[in-house]
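Worksheet for the structure shown next.
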Amino acid sequence: MFLKRIALLHEQIPSFKEYPFSIPSIKNLQQLDLKNKVTFFVGENGSGKSTLLEAIAEKCEFNTAGGGRNNYYDVHASESALGEYIRLSWLPKVAKGFFLRAESFYNFASHIDDVGAYDAYGGRSLHQQSHGESFLSLFSNRFKGKAIYLLDEPEAALSPQRQLSFLRILHDLVSSGDSQFIIATHSPILLGYPDATIYSFDNEAIEEINYEMTDHYQITKYFLLNRDKFLQEILDD
Ligand SMILES: Nc1ncnc2c1ncn2[C@@H]1O[C@H](COP(=O)(O)OP(=O)(O)OP(=O)(O)O)[C@@H](O)[C@H]1O
Ligand SMILES: [Mg+2]
């Protein structure tokens with residue numbers, strides 16, 4: 001693995017009253033050690049996962065709207081507010097990689113069409129593939145080798161079955177290709193990948209958490225095992 005530590009440069013922050021420093025998990029961040037080739041960010045909506053992931057992408061000089069270093073295309077408001085206030089520690093530094101944002105994947109697909117580069121993506125325009133197919137094309141064709149991949153909710157496009165396929169691709173890249181992944185996710189399936197560190201952004205801090213302690217695991221498990229009772233609780237007056 002390559003990226004070892006992310007530190008927040010507290011002394012350079014003008015005010016903790018404004019975004020992104022007002023986000024509790026970011027405000028209280030000192031440094032985050034990455035201990036495994038796969039790191040997950042979990043936490044409630046709005047807890048700061050994408051904010052930190054974008055900042056890392058900017059520091060890696062990836063296109064913060066989605067893409068790698070060589071993907072230059074127009075995007076709206078893609079500058080990371082946090083990027084210049086974090087420091088990344090590498091051993092060794094890698095330049096290769098990719099930032100995937102579910103929201104702007106459509107723009108990325110158009111960019112690949114514009115530059116006629118879809119040979120590298122399964123030989124077919126990403127627009128002619130379904131959302132999930134195009135995601136998996138990207139994972140299986142473009143991702144390889146010594147690189148760092150930053151993925152924001154990759155499950156958004158994937159059926160449960162394809163999430164399992166994704167885990168297989170992830171596993172191959174991590175075990176033979178020496179790739180590193182940081183993945184923000186709400187998927188209890190993706191989070192189940194073994195030998196990963198899970199960082200929770202809840203409770204006003206970024207803290208390591210066990211898989212079984214995540215809301216994603218507990219709520220999904222409770223729901224599946226007690227669906228009638230659960231629905232009664234939330235639907236009845
Ligand atoms: N450009 C912005 N200006 C001001 N506030 C913002 C901006 N972008 C995000 N926020 C706020 O920062 C907080 C963290 O947002 P972020 O997108 O990092 O959350 P997240 O953990 O990725 O959530 P989700 O799980 O919903 O994707 C939220 O309260 C959000 O409203
Ligand atoms: Mg997000």
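Every number for a ligand or one of its atoms is a count from 1 in the order of the listing.
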Q.
Quick test of your reading of the structure: of Phe41, Tyr19, Phe201, whose heavy atom lies closest to atom 8 (N) of ligand 1?
A. Tyr19
(Q) Judged on heavy-atom distance to atom 23 (O) of ligand 1, which of Ser47, Gly46, Ala184, Ser22 sits nearest? (A) Gly46
Q. With Phe181, which of Phe41, Tyr149, Phe99 fulfils ring-ring contact (aromatic ring centres under 6.0 Å, His included)?
A. Tyr149
**Q.** Passing candidate, ring-ring contact (aromatic ring centres under 6.0 Å, His included) with Phe98, options Phe139, Phe135, Phe62, Phe143
**A.** Phe143
Would you say the side-chain atoms of [X] and [Y] include a donor-acceptor pair closer than 3.5 Å?
X: Ser200; Y: Glu207; result: no
X: Glu208; Y: Thr197; result: no
X: Glu153; Y: Thr185; result: no

Q: Quick one: look up the protein heavy atom nearest atom 26 (O) of ligand 1 and list residue, atom name and how far away it is.
A: Asn45 ND2, 2.8 Å
For ligand 1, which atoms, with element, lie under 4.0 Å from some heavy atom of [X]?
X: Glu44; result: 21 (O)
X: Lys49; result: 18 (O), 20 (P), 21 (O), 22 (O), 23 (O), 24 (P), 25 (O)
X: Glu153; result: 24 (P), 25 (O), 27 (O)
X: Thr51; result: 14 (C), 15 (O), 16 (P), 18 (O)
X: Ser50; result: 17 (O), 18 (O), 20 (P), 22 (O), 27 (O)

Q: Kindly work out whether a path of hydrophobic side-chain contacts (I/L/V/M/F/W/Y, heavy atoms less than 4.5 Å apart) joins Tyr193 to Ile169.
A: yes
Q. About how many Å separate CG of Leu150 and OG of Ser50, when rounded to the nearest 0.5 Å?
A. 11.5 Å
(Q) So, taking the atom named CG in Asn141 and the one named CG in Leu138, what distance separates them when rounded to the nearest 0.5 Å? (A) 8.0 Å
Q) N/O/S of Thr51 less than 2.8 Å from the Mg ion (ligand 2)? A) no
**Q.** Polar contact flag for Gly43 and ligand 1 (N/O pairs, less than 3.5 Å)
**A.** no
Q.
Polar contacts were defined as any N/O atom of the residue lying under 3.5 Å from an N/O atom of the ligand; does this apply to Gly48 and ligand 1?
A. yes
Q. Any protein heavy atom sitting closer than 4.0 Å to atom 21 (O) of ligand 1?
A. yes
Q | Closer than 4.0 Å: a protein non-hydrogen atom to atom 30 (C) of ligand 1 | A | no
Q: Indicate, with yes or no, if the rings of Phe21 and Tyr85 have centres closer together than 6.0 Å.
A: yes
